[in-house]
Amino acid sequence: MAQASGVRIGWDDLPESVHAAVAAILGGPVVEAVSQVGGFSPGTADRVRLADGSRAFVKAVSAAQNEHSVELHRTEARVTAALPADVPAPRLLGFHDDGTWVALVFADVEGRQPHVPWQDDEVTAVLDALQRLAVPVSGLPTLPSLLAGNFAGWRRLAADPPVSLDPWAASNLDLLVELADRGAEALAGDRLVHVDIRADNLLIRPDGSVMVVDWPAAAVGAPWFDTLSLLLNIRLYGGEISDSVLDVFEPDPADVTAVVAGLAAFFTDRAREPDPPGLPTLRRFQQDQADVMLPWLRARLDAGLS
């Protein structure tokens, strides 16, 4: 199975101007940087230490690595600076943008990614964090507008079905288009949604609590979407969980099925594209998720949850 990873540059690959900007934000130069693995970015991701022992987390990228990553970093800076204080997310200490290089400096979080296959206690901790995350917010893109184009993947596939398309999907494209259209509409809401919940975007702290990292896709919408994304990740990597964990948000089961259809559309459609620069495992990872979504969708339809 493909892992979330990019061909990362390191701290030493950053120009001195970025090192100086980070030092200005932190109040002193970095004396040690340890690269962190995981995540779909070709930029740096380093836990850094200053001479006085204080620590921070720095991520930086330029268009030379990937133009889209630069815009994601700029968006993440805006989002994290505006997050409510009680959201379980790292605090943004500063932001550097010289038009070429973009660097974000966060408070360091002592923690690790969840174990995979998923363990029950860590699943419970993440579910608790996702409930605390789902606070009322404004000023972010709406989740339906953010995902409507992605959920239209079945429509694109129906227009030109690839020979590799799953036979069940190929014979049910009209239904899948209808479901995915409903799925986009079902995600309207007024709560903060991270949108990209998966193991490599979560940190388990020494006390067992959870911090949610990497916020460029944040939106306002239905609060149960992040928990649905967690369900997908657990199905992908292994672990015991039931769709009933969504019941705390009281979604319409037919809406949940429609969103599962929309996500299946997104991953199936995007997996056909070439890998972006610096992200050689992205399409394989998306195909792995499509391979999980379709059986999940069929099971919900067979159970009458539509």
Side-chain angles (χ1 to χ4, degrees), residues 3-85 87-113 139-141 192 194-198 200-203 205 211-219 276-282:
Q3 300 296 313
S5 63
V7 180
R8 288 195 181 277
I9 58 173
W11 175 258
D12 292 338
D13 298 311
L14 300 178
E16 280 304 312
S17 60
V18 177
H19 287 172
V22 171
I25 292 169
L26 294 175
V30 169
V31 299
E32 180 185 48
V34 179
S35 182
Q36 305 299 294
V37 299
F40 283 113
S41 172
T44 62
D46 295 286
R47 293 184 72 186
V48 302
R49 180 175 61 84
L50 278 61
D52 64 1
S54 60
R55 295 183 177 275
F57 175 76
V58 180
K59 56 195 298 186
V61 73
S62 78
Q65 286 80 54
N66 185 289
E67 293 183 1
H68 183 56
S69 295
V70 171
E71 293 307 316
L72 289 178
H73 276 42
R74 289 176 175 140
T75 300
E76 184 174 9
R78 292 192 297 269
V79 170
T80 52
L83 288 177
V87 168
R91 181 167 59 94
L92 181 68
L93 302 178
F95 172 59
H96 167 74
D97 186 350
D98 60 21
T100 299
W101 285 92
V102 178
L104 287 73
V105 183
F106 293 96
D108 185 55
V109 176
E110 184 180 357
R112 57 167 177 80
Q113 293 177 7
L140 293 174
L192 176 63
H194 178 275
V195 182
D196 198 17
I197 294 295
R198 57 179 197 254
D200 59 297
N201 283 340
L202 301 164
L203 292 175
R205 305 179 76 179
M211 293 289 276
V212 184
V213 303
D214 289 341
W215 285 84
L279 303 175
T281 66
L282 177 58

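Computed from a predicted structure; not experimentally measured. The chain is numbered in sequence order, starting from 1.
If you take CD on Q36 and NZ on K59, they are separated by 12.0 Å, rounding to the nearest 0.5 Å. Atom OG in S62 sits 10.0 Å away from atom NE2 in H73 (nearest 0.5 Å). Summarising the geometry, atom CD belonging to E76 is positioned 5.5 Å from atom CG belonging to L104; distances are rounded to the nearest 0.5 Å. Once rounded to the nearest 0.5 Å, the distance linking CG of L92 with CZ of R78 reads 12.0 Å. Atom CZ of R198 and atom CG of D214 lie 7.5 Å apart (nearest 0.5 Å).
The minimum heavy-atom distance linking T75 with P216 is given by the pair CG2-O, 3.2 Å. Nearest heavy-atom pair across V18 and A103 is CG1-CB, 4.1 Å. The two atoms that bring V105 and A56 nearest to each other are CG1-CB, 4.2 Å, heavy atoms only. Q113 and L203 get closest at one heavy-atom pair: N-CD2, 4.1 Å. Across all non-hydrogen atoms, the minimal contact from D98 to S17 is OD2-OG, 4.2 Å.
Annotation: side chain of V22 is not in contact with side chain of H19 (no heavy-atom distance under 4.5 Å). Side-chain contact check for N66 versus V61: every heavy-atom pair is 4.5 Å or farther apart. Between F106 and T80 there is a side-chain heavy-atom pair separated by less than 4.5 Å. Residues P42 and L279 meet the side-chain proximity criterion, which asks for heavy atoms closer than 4.5 Å. Residues I9 and L14 are in side-chain contact: their nearest non-hydrogen atoms beyond the backbone lie under 4.5 Å apart. Within the 4.5 Å cutoff, the side chain of L192 has heavy atoms near those of the L83 side chain. No side-chain heavy atom of V213 sits under 4.5 Å from any side-chain heavy atom of L202. By the 4.5 Å heavy-atom criterion applied to side chains, D46 and V30 are not counted as neighbours.
A salt bridge is defined here as a Lys NZ or Arg NE, NH1 or NH2 lying under 4.0 Å from an Asp or Glu carboxylate O, and D108 with R49 fails to meet this definition.
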Worksheet item: Would F95 and R74 count as a side chain to side chain contact (heavy atoms under 4.5 Å, CB included) if you check the C-alpha gap in whole Å, the side-chain angles of each, and the deciding distance to 0.1 Å?
Response: CA-CA 9 Å; F95 172 59; R74 289 176 175 140; 4.2 Å; yes
Fill in: Full working for side chain to side chain contact (heavy atoms under 4.5 Å, CB included) between W215 and V195
CA-CA 8 Å; W215 285 84; V195 182; over 6 Å; no
Practice prompt. Given side chain to side chain contact (heavy atoms under 4.5 Å, CB included), test T44 with D13 step by step and report yes or no.
Written response: CA-CA 9 Å; T44 62; D13 298 311; 5.7 Å; no
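More than 12 non-hydrogen atoms from other residues, nucleotides or ligands lie less than 6.0 angstrom from CZ of R112. Within a 6.0 Å sphere centred on CD of E32, other residues, nucleotides and ligands contribute more than 12 heavy atoms.
A donor-acceptor pair is defined here as one N or O able to donate and one able to accept, closer than 3.5 Å; such a pair exists between the side chain of N201 and the backbone of D196.
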